[in-house]
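This one's a predicted model, so the numbers in the text were calculated from it and none came from an experiment. Note: hydrogens, waters and symmetry copies are ignored here, and every other heavy atom, side chains too, is used.
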Amino acid sequence: MELIIRCEGFEQRFGGLRYQVRHSWTLDGGRYETAYSWEYDHFGMRTRAWQDPARGGWYFEWIGGHVSKPCRDLIRTDGSVGTDVNGSSPYLPVAPSITRLIESHAFTDAVSVWWPWPAGGSAAASAAEVLDGLVHVPEDSWESSRWRLSESVAVFDSESWDRENPTRRVRIWSRDEAGHRQVQEAFEGR
């Protein structure tokens, strides 16, 4: 019954919602941008669902992001959003709720027009740690994904989905000369 209620609630609240999330990054000094489509639908009576023996409850499949991937987008009866990483592994939480996932997507889209700095690696993580004046954005963050922001700089710090080899990925954007200078100094270790 809990699964039926969650599926119906998902359909009533989010069914038919569609949007694009722009992403920006740098590669070899060049700025690139792409957009991913998201669709909030499931397959009605044909929606696949699984019982979660480890945590209790159920989770079901929904359409989600339109990208080539080996995993499924899943929603658990506790409201969390997850994946199964490779199409057959156990449920892995990604976001605490659909609303928080949508908020994070909106933030990602908003900063995509800012200047993206080289992603990942220890250099970005070290630079992010010394950036001053950043405020935690709780409505767009959760345990494994955190946004911090100032007027000129945004930082997204997330953990990978790999249970065997967890890694940290840090993305930094700046939007004006003051932000560019602040991030450049952080990368240079000033």
Side-chain angles (χ1 to χ4, degrees), residues 17-40 63-74 81-87 89 92-95 98 100-190:
L17 175 63
R18 284 153 179 56
Y19 58 82
Q20 296 230 334
V21 181
R22 294 173 296 171
H23 294 262
S24 61
W25 68 93
T26 58
L27 181 64
D28 296 328
R31 182 184 186 287
Y32 298 90
E33 185 177 307
T34 191
Y36 298 117
S37 297
W38 281 82
E39 182 178 323
Y40 288 74
I63 305 295
H66 286 259
V67 295
S68 177
K69 58 188 176 187
C71 58
R72 293 180 277 236
D73 292 301
L74 305 168
V81 178
T83 185
D84 60 4
V85 180
N86 62 10
S89 60
L92 176 66
V94 173
I98 294 175
R100 298 279 285 278
L101 180 68
I102 292 169
E103 287 285 341
S104 185
H105 285 165
F107 213 83
T108 301
D109 187 78
V111 301
S112 71
V113 297
W114 296 20
W115 179 258
W117 290 78
S122 59
S126 296
E129 289 174 9
V130 299
L131 288 168
D132 292 328
L134 300 177
V135 177
H136 177 73
V137 185
E139 61 272 12
D140 297 335
S141 303
W142 49 88
E143 186 179 315
S144 62
S145 298
R146 293 162 294 283
W147 280 99
R148 294 182 300 137
L149 175 70
S150 71
E151 286 293 318
S152 302
V153 176
V155 174
F156 180 64
D157 187 345
S158 65
E159 297 170 11
S160 71
W161 295 352
D162 188 341
R163 295 177 203 244
E164 305 296 319
N165 185 21
T167 57
R168 180 176 172 205
R169 187 172 123 185
V170 177
R171 309 265 331 264
I172 302 172
W173 296 263
S174 57
R175 72 171 175 174
D176 56 24
E177 191 56 42
H180 301 330
R181 191 171 39 256
Q182 182 183 8
V183 175
Q184 185 65 45
E185 289 173 358
F187 270 101
E188 291 172 356
R190 294 184 185 175

Which distance, rounded to the nearest 0.5 Å, do you find between the OG of S150 and the CD of Q182?
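If we round to the nearest 0.5 Å, S150:OG and Q182:CD are 5.5 Å apart.
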
I'd like to know if R175 pairs up with E151 as an ion pair, taking the criterion as any Lys NZ or Arg NE/NH1/NH2 lying under 4.0 Å from an Asp or Glu carboxylate oxygen.
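Salt bridge present between R175 and E151.
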
Atom pairs and distances, donor-acceptor, side-chain atoms in residues 63-71, under 3.5 Å, two or more places apart:
residue	atom	partner	partner atom	Å
H66	NE2	E39	OE1	3.0
K69	NZ	G65	O	3.2
K69	NZ	D73	OD1	3.3
K69	NZ	D73	OD2	2.5

Heavy-atom closest pair, residues [X] and [Y]:
| X | Y | value |
| --- | --- | --- |
| V183 | S174 | CG2-CB, 4.1 Å |
| S152 | A178 | OG-CB, 4.4 Å |
| R31 | V113 | NH2-CA, 3.5 Å |

Is the backbone of [Y] close enough, under 3.5 Å, to the side chain of [X] for a donor and an acceptor to pair up by distance?
| X | Y | value |
| --- | --- | --- |
| S145 | S141 | no |
| D157 | V170 | no |
| W142 | V94 | yes |
| S112 | H23 | no |

Do W114 and S24 come close enough that some side-chain heavy atom pair is under 4.5 Å?
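No, every pair of side-chain atoms sits at 4.5 Å or beyond.
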
For the residue pair W38 and H105, establish whether any side-chain heavy-atom pair is separated by less than 4.5 Å.
yes

F187 vs W117 aromatic rings, parallel, tilted or perpendicular, using cut-offs 30° and 60°?
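Plane angle under 30°, so parallel.
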
Aromatic plane relationship, Y32 with W25 - under 30° parallel, 30 to 60° tilted, over 60° perpendicular
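The arrangement is parallel - the two ring planes meet at less than 30°.
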
Under the rule for side chain to side chain contact (heavy atoms under 4.5 Å, CB included), what residues qualify as partners of A110, not counting sequence neighbours?
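Expected list: none.
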
Among V111, L149, I172, find the one that has a side-chain contact (heavy atoms from CB on, under 4.5 Å) with V155.
I172

For residues 123-145, which residue pairs pass the salt bridge (charged side-chain N to carboxylate O under 4.0 Å, His left out) check, not counting sequence neighbours?
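Non-adjacent pairs meeting salt bridge (charged side-chain N to carboxylate O under 4.0 Å, His left out): E129-R168.
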
